[in-house]
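Comments concern the structure below.
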Amino acid sequence: MRFLDLILKKRDGESLSPEEISFIIQEYNQGSIPDYQMSSLLMAIFFQGLNNRETSAFTAALAESGEVLDFASLGKIVADKHSSGGVGDKVTIILAPLVAAAGVPVAKISGRGLGFTGGTIDKLESIPGFSANLTVREFSQLVRDNDLAIMAQTDSITPAEGKLYALRDVTGTVENISLIAASIMSKKIAAGAGAILLDVKTGRGAFMHSKEEAFHLSETMVRIGKEMGRKVVSVVTDMSQPLGFAVGNALEIKEAMAVLKGEGPQDVEQLCLFLGGIMLALAGKVRNPEDGQKELARLLKNGVALEKFKQMIASQGGNLEYLDNTELLPKASCIELVKAPKSGYLKESDALRVGRVAVSLGAGRSVKGEAIDPGVGVLLTHKVGDHVDEGEILASLQGNNEEILSASVKELSNAFLIVDEKIEPLPMIHGVVPPFPS
Ligand code: URA
């Protein structure tokens, strides 16, 4: 097989066979195909697309490029969840222990944040001592022992996906539904879970700006998962305003703790119960998601989910003193406030602007590998639809650099729009694919 012939084939609109796709991924993973040729193929795929058969073959080849975990010997269905990324998205931190507390093992491999959305691993690492740099062996053992572990992405799982994603990032070939679906699903398949819940976010603060794209991506990923023998449900959720009130690593840990104590923002709690109910049903623990939600609400209320979270943090080296007294978590030294310029109803709380401000304060990275500041971020006070009075605080910016902090106040002020007419709260869930049960 000549790689150039495969580029020409795709450029001219023909489809590639599973054998050809497997060859492409294997050779690229081994370093036998130069980046300039792979970039050319990616651009041909970007314009010509991949059909369903090609997308599935692409996913399988990426998944098989490294270790593929198998939890079959556990005798229970292991669950996993994936979010396409959003501002203030601390759902995994709450949902993983919540579902594990119900007796469904959760094995979660997460990424670090890049761009305006935060990463679960960065948030958890704001708890002193906590480490997600587990080996596959340590990860599997924790899932067996505690029904719960969260590990940072490693090169031993889907290495070809990692290389390809880095290349797509710099060649303008990220925004293709087939490539995104294959990228996400290959990592989920390799991580070994039998029940996979996908949270595809849509809106200004999300990767998928339109609902149509979010549903198309959901349908593609659900189809791939089904073909590969996994139970998959995708929920399209709103990300036009940040989730909850806290944006920033330690701030989000504090908010996640509040939710686990039943004292957190309603939108975060409700989303966790909604997604968790589906996970329990997918794993066969309950008859339907509604029963799952009831069970999870009980586990939040009686403190069992919080204990599960603490067990996970302690098992991965975290110092529980910081959870027992969250005031000890890293904090910023300076605070600036954004106040409402007039009375009225909050129409916009722009997740993209809030996310960018949090990154500029140091909560996220502008380039891969950059250090982050765990204590900084933005604390909001209202949700879209709320009434606010002139001069009322809309947000506090928490930073360690006064110059950046004052420059960020104006940018954050532009995130809010207050209008005279009454505004309805934003819907949180746009739809479920496939509608449950399938
Ligand atoms: N997230 C992923 O994991 N892969 C993509 O291609 C895009 C978003």
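Whatever order the structure lists ligands and atoms in, that order sets their numbers, starting from 1.
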Original post:
Relative to the heavy atoms of Tyr165, which atoms of ligand 1 are at a distance of less than 4.0 Å?
Top reply: 4 (N), 5 (C), 6 (O), 7 (C)
**OP:** Looking only at protein heavy atoms, identify the closest one to atom 3 (O) of ligand 1 and say how far it is in Å.
**Re:** Lys187 NZ, 2.6 Å
Original post:
Does Glu255 pair with Lys90 as a salt bridge, N-O distance under 4.0 Å?
Top reply: yes
Original post:
Any chance the side chains of Ser186 and Glu161 put a donor and an acceptor closer than 3.5 Å?
Top reply: no
Original post:
Got a salt bridge between Arg223 and Glu219, using NZ or NE/NH1/NH2 to carboxylate O under 4.0 Å?
Top reply: no
**OP:** Locate the shortest heavy-atom distance separating Pro242 from Ser349; write the atom from each residue and the value.
**Re:** CD-O, 3.4 Å
Subject >> Charged N-O contact under 4.0 Å between Lys9 and Glu20 >> reply: yes
**OP:** Say whether Ile180 and ligand 1 are in contact under the criterion: heavy-atom distance to a ligand atom below 4.0 Å.
**Re:** yes
Original post:
How far is atom 7 (C) of ligand 1 from its nearest protein heavy atom, and which residue and atom name does that atom have?
Top reply: Phe207 CE2, 3.5 Å
Subject >> Ligand-residue contact atoms, ligand 1 with Arg168, heavy atoms, under 4.0 Å >> reply: 6 (O)
Original post:
Can you find an N or O of Ser183 that's nearer than 3.5 Å to an N or O of ligand 1?
Top reply: yes
Original post:
Quick one: do the Glu67 and Ser156 side chains pair a donor with an acceptor below 3.5 Å?
Top reply: yes
Original post:
At what distance is the nearest protein heavy atom to atom 1 (N) of ligand 1, and which residue and atom is it?
Top reply: Ile184 CG1, 4.0 Å
